[in-house]
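One structure is given here, and the rest of the page talks about it.
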Amino acid sequence: MRDFVYTSQPQRVVFGAGSLAQLGAEIERLGARRALVLSTPEQRGQAERVADLLGAQAAGIFDRAVMHVPIESAREAREVARRLDADCAIAIGGGSTTGLGKAIALDSGLPILAIPTTYAGSEMTPIYGITEAGLKKTGKDARVLPRTVIYDPQLSRSLPVELSITSGINAIAHAAEGLYASDGNPIMDLMAEEGIAALGRALPAIRLDPDGMDARGDALYGAWLCGTVLGNVGMALHHKLCHTLGGSFNLPHAQTHTIVLPHALAYNAAAAPQAMARIARALGADASASAAQAAYDLARDNDAPVALRDIGMAAGDVERALDIALHNQYPNPRPLQRDAIRTLLQNAFDGVRPG
Ligand code: NAD
């Protein structure tokens, strides 16, 4: 058995179809009485439902969460929280809304109760990101880790099929990189493999029947496991590349992860054979397919984008992305080699199936 360090994080998770009904009791358990409800404009309806459920425990709704947490919206939300004398933030939505809650918590220490409606996994991590003057800064702080998470699969039923598939593969990417993390541990490995397997069977089922509650439940369960991995161990080349592509070229988060993952796995394959075997097994790949090919096939067979050129990247951006991605060094199973990463990016740009 290898040596490892494992730190468990103090969080309460409530999981189940209909578990939103437990919100009031969970707010009381946090000792809060005036919750500010956060959402994107598109999810205002769900935020109103939450506020209705809370009645007098709701201080108000702030519905202007946007992707990548611009500093201006973080400041505005912090000000609203102060003005309303909120003692807790409830984030209902995906990573963008949870991220806004984290920006409030970082400033004020308010506890966050997260109700995730995508599979991005931010609710399980102490990682925050705030974008200022076009640059997204990320950091880690225990204050931003949501204290309570309510996973109610009924709330993810309205997530459009394409975003369900790409968001699910975004979650798989956390677990895949967790399996070869330099600070990995056996508990995270178990969660990672189980999380990939749950999403690997749920996503095709969601495409066939977006309202099917078994598949929605499996996907959210997988998202919880994969998000936990993201919150516990360090990520590598894949996340670094996606951060660069999202932050510097404004590419959509979940789709970018979906497209890059097979190529990042192919890059690391020879340096992390055990992790690759676990990923391929979890995805139910047949003996002739690698982990990289299984990740590619999962996207392609479920009508997700497979080429960066199809989601808004320009051919001339490949070289600049390479420069930015190689600016800092970080742990990765295979050393960072400029020419090989250029090939990786070009393959992701063109959408070719890994060989
Ligand atoms: P998102 O939160 O931006 O949501 C995308 C769109 O889908 C939004 O319009 C949202 O309102 C809508 N939506 C979400 N759930 C819905 C539902 N059930 N029904 C209908 N519409 C729904 O997307 P995301 O992929 O969840 O999050 C991406 C952001 O989260 C990025 O900024 C990323 O960097 C961040 N993130 C952070 C962490 C972390 O640990 N800090 C982890 C993962 C992602």
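Counting convention: from 1, in listed order, for ligands and their atoms alike. Atom set for the values below is all heavy atoms of this structure, side chains included, hydrogens, waters and symmetry mates excluded. Small disclaimer: the values here were computed from a predicted structure and weren't measured.
- With hydrogens left out, the protein atom closest to atom 32 (O) of ligand 1 is His68 ND1, 3.0 Å, a heavy atom.
- The nearest heavy-atom contact from the protein to atom 41 (N) of ligand 1 is Ile127 O, 2.9 Å.
- Using a 4.0 Å cut-off between charged side-chain N and carboxylate O, Glu28 and Arg33 make no salt bridge.
- In terms of protein heavy-atom proximity, atom 38 (C) of ligand 1 is nearest to Ser122 CB, 3.4 Å.
- Regarding atom 25 (O) of ligand 1, its nearest protein heavy-atom neighbour is His253 CD2, 3.7 Å.
- Across Arg143, Arg82, Lys102, a single residue satisfies salt bridge (charged side-chain N to carboxylate O under 4.0 Å, His left out) together with Asp107, and that is Arg82.
- Close contacts between ligand 1 and Leu163 involve ligand atoms 5 (C), 6 (C), 7 (O) [criterion: under 4.0 Å to a heavy atom].
- With respect to the salt-bridge test (charged N to carboxylate O, under 4.0 angstrom), the residues Glu76 and Arg83 do not qualify.
- Side-chain polar atoms of Gln43 and Thr117 form a donor-acceptor pair below 3.5 angstrom.
- Both the backbone and the side chain of Thr117 come within 4.0 Å of ligand 1, counting heavy atoms alone.
- Among the atoms of Thr97, none of the N or O lies under 3.5 angstrom from an N or O of ligand 1.
- Residue contacts with ligand 1 for Val69 are absent, since no atom lies close enough (heavy atoms, distance under 4.0 Å).
- From the protein, the heavy atom lying nearest to atom 18 (N) of ligand 1 is Leu155 O, 3.0 Å.
- When each of Glu42, Gln46, Glu48 is paired with Arg44, the side chain to side chain contact (heavy atoms under 4.5 Å, CB included) condition holds for Glu48 and for no other.
- Checked options His239, His263, His243; the residue passing with His257 is His239 (criterion: ring pair (Phe, Tyr, Trp, His ring centres under 6.0 Å)).
- Residues Pro305 and Thr258 approach most closely at O-CG2, 3.9 Å, considering heavy atoms.
- In terms of heavy atoms, Gly60 sits closest to Leu36 at O-CD1, 3.5 Å.
- Between Arg49 and Leu155, the shortest heavy-atom distance links the atoms NH1-CD2, 3.5 Å.
- For atom 26 (O) of ligand 1, the nearest non-hydrogen atom from the set Leu230, Thr40, Thr118 belongs to Thr118.
- Summary of contacts: the protein heavy atom closest to atom 34 (O) of ligand 1 is Lys136 NZ, 2.8 Å.
- By the criterion of a heavy-atom distance under 4.0 Å, the side chain of Thr125, and not its backbone, is placed next to ligand 1.
- Heavy-atom minimum distance, Gly178 versus Asp189: O-OD1, 4.1 Å.
- Counting only heavy atoms of the protein, atom 3 (O) of ligand 1 lies nearest to Ser96 OG, 2.5 Å.
- Taking a cut-off of under 4.0 Å to the non-hydrogen atoms of Gly94, the atoms of ligand 1 that pass are 2 (O), 26 (O).
- Between Gly95 and ligand 1, an N or O atom pair is found at a separation short of 3.5 Å.
- Looking only at heavy atoms of the protein, atom 8 (C) of ligand 1 is closest to Glu42 OE1, 4.0 Å.
- Using a 4.0 Å cut-off between charged side-chain N and carboxylate O, Asp209 and Arg216 make no salt bridge.
- Residue contacts with ligand 1 for Thr98 are absent, since no atom lies close enough (heavy atoms, distance under 4.0 Å).
- Asp183 places a side-chain N or O within donor-acceptor distance of the main-chain N or O of Gly234, the cut-off being under 3.5 Å.
- Residue Tyr128 has no N or O atom closer than 3.5 Å to an N or O atom of ligand 1.
- When each atom of ligand 1 is checked for a heavy atom of Lys102 under 4.0 Å away, the hits are 39 (C), 40 (O), 41 (N).
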